[in-house]
Amino acid sequence: MAIQCERIKKTIAALAAYGALPDGGTTRLSYTPEYLAAQEFLKQEMLAAGMLTEIDPIGNLIGSYVGSSPELPAVMSGSHLDTVPGGGNFDGALGIAAALECVRSWQEEGYRPKRTVQVIATVEEECTAFGMACFGVRVRSGEFKQQRPESITHLSGGSLAECLQAAKLPQSALQDAAVGFQKLAAFVELHIEQGADLAERGLACGVVTGIVGYDRLFLTLQGEANHAGTTSMKRRKDALAAAAEVVLGVKAFAEADDRFVATVGQLSVEPNAVNIVPGKVQLSIETRAADDRVLAEVRQKLTGLLKQVADKSGVVITQDNDFHVAAVPLSEQVVKIIERSAAECGVDCRLMPSWAGHDAQIFAAGGVPTGMIFVPSINGISHAREERSDFQAVTQAVQVLEKTLKTLAEV
């Protein structure tokens, strides 16, 4: 049977009801009652589609459509079930609904793949609970195997231990869920683009070649606080004025080179008074690129900019912290299969990087042949109640996913 658009719509609408807000957005945070109810709904849908289900010790829901050769490593697809506060109804949820729809269509047509195909609804991708993105999948990778749940603090207070207790999950979850990725032959995640590139080009499908890495610099600019009226302009060491030069310099760098994007997203001013020359500013600079060599090149440019601003202003600029996440290329083989599947479905697609992080990068970094399919976001809006995707494009992208999963499952 063909992929059914109306059934995808109903699944998205049903999930949106769990954590729905009066203004139309959704707040479905990991381990909350709304989240657990949505997870139970999905579990029942998976069972109705002929799947075996399990919730792993950290809270990832997995449905298995058992293949004719179940001893072979499985093919997995899906995305995250949690949202950001006041988020939209497509981010994450669409990838789960898409993979579920593929299995539903197979059940209806009586198709049984060679490899088992699994649908995963991951927990805590959005980093709203513990400040760590893709947490549920990272636990499966074994990253937190040496820690204890009471040592992982919840951003709103409490700890992972309390979340596990509320969800009736074991306190040994960090160890028990650390199964690794050796039993997977491939992972494919369908996700909204969260940008405007595909929509502006009128394309229904993007094929992701890699997930960008990022650098984060945290700086302190120390000037001299002084009276705003009696301190002449030439005698000032204005930390905020120096910070403004840094902000505009970072913006100019990024506007001149489309290989990366850059953002100054945090700014703290002291003493932050109307009649005092600012004496201290703390700020963050984040740069993202699909190639770590580009990030290294940009870092050199930023170092030069900071020295230039410091020399000119007399403000002392020091680095407080430094954080780097490497760019992750996706599997060339899986990318080619997705491209071929799109061509066979008559769907125009575009090779592109992902400028946002996803669970897929954890699978890829763990050695799993990984691919991603992007669906255009209307007006490029995401992480907001206005987040939307056109269902005609959604249906075409899910058709590409279905053919891709079939190909991978028969190898």
Side-chain angles (χ1 to χ4, degrees), residues 60 73 75-80 82 91-92 95 99 118 120 122-127 131-145 178-195 197-198 205-217 258-263 286-299 322-339 349-375 382-383 401 404-405 408:
N60 298 302
V75 172
M76 180 178 278
S77 184
S79 193
H80 59 96
D82 62 319
D91 181 6
Q118 297 180 318
I120 188 168
T122 67
V123 68
E124 191 46 28
E125 190 265 1
E126 293 286 11
C127 74
M132 294 182 284
C134 307
F135 179 73
V137 178
R138 289 164 66 186
V139 170
R140 282 184 74 86
S141 76
E143 181 178 341
F144 301 94
K145 196 172 183 178
V179 296
F181 302 133
Q182 295 80 10
K183 295 183 179 180
L184 289 180
F187 176 75
V188 183
E189 182 174 6
L190 183 144
H191 202 282
I192 57 172
E193 181 193 353
Q194 301 179 281
D197 191 21
L198 291 174
C205 179
V207 184
V208 179
T209 55
I211 299 174
V212 298
Y214 57 85
D215 265 330
R216 287 177 181 166
L217 269 175
D258 62 7
R259 296 177 302 165
F260 74 97
V261 295
T263 305
E286 182 192 83
T287 56
R288 298 191 183 205
D291 189 329
D292 283 340
R293 292 170 296 184
V294 174
L295 291 176
E297 181 185 327
V298 175
R299 175 64 71 92
D322 183 315
F323 188 64
H324 175 75
V325 172
V328 179
L330 300 188
S331 166
E332 292 183 8
Q333 178 187 10
V334 177
V335 167
K336 288 179 181 177
I337 291 173
I338 297 173
E339 279 191 287
C349 64
R350 166 178 167 78
L351 294 173
M352 61 192 303
S354 170
W355 291 94
H358 300 282
D359 284 327
Q361 72 194 79
I362 310 301
F363 285 95
V368 180
T370 299
M372 283 197 77
I373 297 170
F374 270 171
V375 176
S382 181
H383 282 190
L401 175 66
T404 297
L405 294 178
L408 291 168

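The structure presented is a predicted model; accordingly, all values stated were derived computationally and were not measured.
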For Phe135, the ring-ring contact (aromatic ring centres under 6.0 Å, His included) test, sequence neighbours excluded, returns Phe130, Phe144
List the steps, then state whether side-chain contact (heavy atoms from CB on, under 4.5 Å) holds for Leu408 with Val188.
CA-CA 10 Å; Leu408 291 168; Val188 183; 3.6 Å; yes
May I have the step-by-step check of side-chain contact (heavy atoms from CB on, under 4.5 Å) for Ile211 and Met372, ending in yes or no?
CA-CA 9 Å; Ile211 299 174; Met372 283 197 77; 4.0 Å; yes
In terms of heavy-atom contacts, Pro353 and Val212 come closest through CB-CG1, 4.4 Å
Trp355/Gln194 under side-chain contact (heavy atoms from CB on, under 4.5 Å): CA gap, chis, key distance, verdict:
CA-CA 9 Å; Trp355 291 94; Gln194 301 179 281; over 6 Å; no
Test item: Val325 and Phe323 side chains (from C-beta on) under 4.5 Å apart, heavy atoms:
yes
Measuring only between side-chain heavy atoms, which start at C-beta, is Arg259 closer than 4.5 Å to Glu297?
yes
Which residues pass the salt bridge (Lys or Arg N to Asp or Glu O under 4.0 Å) test with Asp291, sequence neighbours left out?
Arg293
Under the rule for side chain to side chain donor-acceptor pair (under 3.5 Å), what residues qualify as partners of Ser77, not counting sequence neighbours?
none
Flag the pair Val208 / Phe374 as yes when at least one side-chain heavy-atom distance between them is below 4.5 Å, and no otherwise.
yes
For the student: nearest non-hydrogen atoms of Asp292 and Ala326, plus distance
OD2-CB, 3.4 Å
Could you tell me whether a side-chain N or O of Ser141 sits under 3.5 Å from a main-chain N or O of Val139, the two making a donor and an acceptor?
no
Which residues pass the side chain to side chain donor-acceptor pair (under 3.5 Å) test with Glu286, not counting sequence neighbours?
Arg216, Arg288
Contacts satisfying side chain to side chain donor-acceptor pair (under 3.5 Å) that involve residues 357-369 (not counting sequence neighbours) are Thr122-Asp359, Ser354-His358
So do Val207 and Cys349 actually touch side chain to side chain, heavy atoms under 4.5 Å?
yes
Pair Val137-Phe363, side-chain contact (heavy atoms from CB on, under 4.5 Å): steps then yes or no:
CA-CA 8 Å; Val137 178; Phe363 285 95; 3.7 Å; yes
Sequence-distant partners of His324, side chain to side chain donor-acceptor pair (under 3.5 Å), two or more places apart
Asp215
Considering only heavy atoms from C-beta outward, does the side chain of Ile120 approach that of Phe187 to under 4.5 Å?
yes
List in chain and number order the residues that pass ring-ring contact (aromatic ring centres under 6.0 Å, His included) with Phe260, two or more places apart in sequence or in another chain; answer none if no residue qualifies.
none
Could you tell me which residues satisfy side chain to side chain contact (heavy atoms under 4.5 Å, CB included) with Glu126, sequence neighbours excluded, listed by chain and number?
His80, Asp82, Val84, Asp91, Thr128, His383
Enter the distance from Glu339:CD to Cys205:SG here, rounded to the nearest 0.5 Å.
9.5 Å
Sequence neighbours excluded, which residues qualify as side chain to side chain contact (heavy atoms under 4.5 Å, CB included) partners of Ala133?
Cys127
Using the side chain to side chain contact (heavy atoms under 4.5 Å, CB included) criterion, which residues pair with Ala296? Sequence neighbours excluded.
none
With sequence neighbours excluded, what pairs up with Ser79 under the side chain to side chain donor-acceptor pair (under 3.5 Å) test?
Glu189
Donor-acceptor pairs under 3.5 Å, side chain of residues 327-338 to any protein atom, not counting sequence neighbours: which ones?
{"from": "Ser331", "atom 1": "OG", "to": "Gln333", "atom 2": "N", "distance (Å)": "3.3"}
{"from": "Ser331", "atom 1": "OG", "to": "Val334", "atom 2": "N", "distance (Å)": "3.1"}

